[in-house]
Colleague: 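Questions regarding the structure given below will be posed in turn.
A quick note: this is a predicted structure, and the numbers were derived from the prediction, not measured. Proteins get letters first, then strands, A, B, ... in listed order; numbering begins at 1 in each.
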There are 2 protein chains.
Amino acid sequence: MLHSAKPTALSPSDTHVSAHDRVYRTLRARIMYGDIAPGEALTLRGIGREYDVSMTPAREAVRRLVAEGALSLSSSGRVATPELSNERIEELAALRALLEVELSSRALPRAHMALIDRLHSINATIAEMVSKRDAVGYIRTNLEFHRTLYLRAQAPAMLAMTETVWLQLGPTMRALYGRLRRTDPPQNHRLIIAALKAGDEPGLRLAVRSDVTQGLRLLTG
Amino acid sequence: MLHSAKPTALSPSDTHVSAHDRVYRTLRARIMYGDIAPGEALTLRGIGREYDVSMTPAREAVRRLVAEGALSLSSSGRVATPELSNERIEELAALRALLEVELSSRALPRAHMALIDRLHSINATIAEMVSKRDAVGYIRTNLEFHRTLYLRAQAPAMLAMTETVWLQLGPTMRALYGRLRRTDPPQNHRLIIAALKAGDEPGLRLAVRSDVTQGLRLLTG
DNA sequence: ATGGGCTATCTGTGATCACAAATGCGGGCT
DNA sequence: AGCCCGCATTTGTGATCACAGATAGCCCAT
């Protein structure tokens, strides 16, 4: 290594993993949670400088994110977070609805009380993020709510695909958050929890579909 | 370049594209169409030797395919095409059903006579592949049938996601083909075409679901 | 003959370098 | 003063090298 291998606050799970994986994970989180605005440009050398690695791991991380649709590389290879067209946003919202309704449906028979409690707790954190006007925290916690529910579906491929959609929508969701100014209590989340408690599958499917669709709707309108 | 840049039969669209893209596309097609058996190992230097490039483009292509689930890297980074568990296969089949039913549904209002003719022609090629016992050709043409239909849905993100599922199922589909010995005329494909002609959406959804599900079913049974 | 340890080789990872294309900035011309 | 050309810089791409860990094969001791 040319530069000193300074830790820069690496989490326990970051130990002993490869450099490109660390770069990938960090960039992925930043994009998914709306920390990067749509259209923002990135350079391999810049990323390398930021994470204290050479161009090689930076390139692999970027290449992987491009493959997942999190970044778009313009002509001549310049890489930036994509600015989605309205059609694309609607399509991704439809994908979210399709996948997440199915996932919630599969999670329903496996939803115990501990899960409900956990979801309630996450909901409280969401309310807190809303009151603090913390966009990134809001998006992250909101997705954690969904992920916690869908993990119960025992469908890793489906969940991975859903997270890919979240990733593509990340920068857009940030822009969305900036547009909705009101203190938005997670109303649909409460409907989801209620349907889970009642074992009401049609209600759950409807609530998930509403929660996923309504936010994106006012972006395309 | 160290080695001579020999063309090795590059198609017109391969001109002026980067090396890793050429490697990626070729490997992707080989995996998706079942040219590589499940569990087969690959090495970066081997790929580089085969395509006459250095390790760098080979690594990027492999990394991208791993990101898409087409390859799985074992502990210590060894890379191979994955051997799917039965649960995984069922999940991917469910994903195919979910996505492709939606895509066909969206394509239905846009399906004109030219499309029907095209599908008929592809079907004839499928029958030809079956009679020739050409597994790779069969899989490729079968997927071309589906892709041709779904292209009409005007939903690129959804189609891309579907192709990712195809990619993950590629080696498995090859194993499936080996198991079904009978000359399998594309019966469901005819049902799909009939439903398209009649404008029968429920029938189309059912036919697509059957076509997607039935093949994979006998692998997990 | 067989089991165990040691080494040669192979593999992925990451850094560095060379190169070409694109970008952007500054100076000179009209 | 405004515009355009040309060069310096920046950027991505690909090749090569150094290195560490894993793998496997081989030799020797029992």
Side-chain angles (χ1 to χ4, degrees), chain A residues 1-8 10 13-28 36 39-82, chain B residues 1-8 10 13-28 36 39-82:
Chain A
M1 275 245 226
L2 179 64
H3 307 285
S4 65
K6 58 181 175 185
T8 53
L10 39 82
S13 63
D14 276 354
T15 323
H16 76 64
V17 306
S18 49
H20 73 258
D21 215 49
R22 177 172 53 93
V23 175
Y24 165 75
R25 261 193 258 272
T26 312
L27 277 179
R28 181 179 197 267
I36 303 183
E40 198 169 325
L42 297 175
T43 67
L44 296 185
R45 285 171 177 85
I47 294 169
R49 216 174 304 124
E50 183 172 359
Y51 293 97
D52 208 9
V53 295
S54 84
M55 287 172 54
T56 313
R59 225 179 353 168
E60 296 190 31
V62 164
R63 186 75 57 194
R64 180 164 174 188
L65 289 165
V66 168
E68 293 175 312
L71 295 174
S72 78
L73 50 83
S74 139
S75 66
S76 74
R78 306 306 248 271
V79 58
T81 139
Chain B
M1 278 243 224
L2 179 64
H3 308 285
S4 66
K6 57 181 176 187
T8 54
L10 41 80
S13 62
D14 276 354
T15 324
H16 76 62
V17 306
S18 49
H20 72 259
D21 216 49
R22 176 171 54 92
V23 175
Y24 165 75
R25 261 192 259 270
T26 313
L27 277 179
R28 181 178 196 267
I36 303 183
E40 199 169 326
L42 297 174
T43 67
L44 297 184
R45 286 172 177 86
I47 294 169
R49 217 174 303 124
E50 183 172 359
Y51 294 98
D52 208 9
V53 296
S54 83
M55 287 172 53
T56 312
R59 219 166 16 154
E60 295 190 32
V62 164
R63 185 76 55 196
R64 181 166 174 187
L65 289 165
V66 168
E68 293 175 311
L71 295 174
S72 79
L73 49 83
S74 129
S75 67
S76 73
R78 307 304 250 270
V79 59
T81 137

Colleague: Quick one: B:Ile47 CD1 to D:dG14 P, roughly how many Å, whole number?
Modeller: 15 Å
Colleague: Tell me whether the OP1 or OP2 atom of D:dA15 has a side-chain N or O from B:Ser54 closer than 4.0 Å.
Modeller: yes
Colleague: Would a 4.5 Å heavy-atom cut-off, applied to side chains only, mark A:Thr56 and B:Arg59 as touching?
Modeller: yes
Colleague: Please list, chain by chain and in numerical order, all residues satisfying side-chain contact (heavy atoms from CB on, under 4.5 Å) with A:Leu42, sequence neighbours excluded.
Modeller: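 A:Leu42: side-chain contact (heavy atoms from CB on, under 4.5 Å) contacts with A:Ile47, A:Leu71, A:Val79.
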Colleague: Side chains of B:Thr43 and B:Arg78, heavy atoms from C-beta outward: is any pair under 4.5 Å?
Modeller: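 Heavy-atom side-chain distance check fails, nothing below 4.5 Å.
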Colleague: Sequence neighbours left out, what passes side-chain contact (heavy atoms from CB on, under 4.5 Å) with B:Arg64? Give chain and number order.
Modeller: A:Ala67, B:Asp21, B:Tyr24, B:Glu68
Colleague: Over how many whole Å does the gap from A:Tyr24 atom OH to C:dG14 atom P extend?
Modeller: 15 Å
Colleague: What is the per-nucleotide protein-contact pattern of nucleotides 8-13 of chain C, from the 5' end, where B denotes a base atom under 4.0 Å from a protein heavy atom, S denotes such proximity for sugar-phosphate atoms only, and - denotes neither?
Modeller: ---BBB
Colleague: Begin with the C-alpha distance, continue with both residues' side-chain angles, and end with the deciding distance and a verdict on side-chain contact (heavy atoms from CB on, under 4.5 Å) for A:Arg63 and B:Arg63.
Modeller: CA-CA 8 Å; A:Arg63 186 75 57 194; B:Arg63 185 76 55 196; 5.8 Å; no
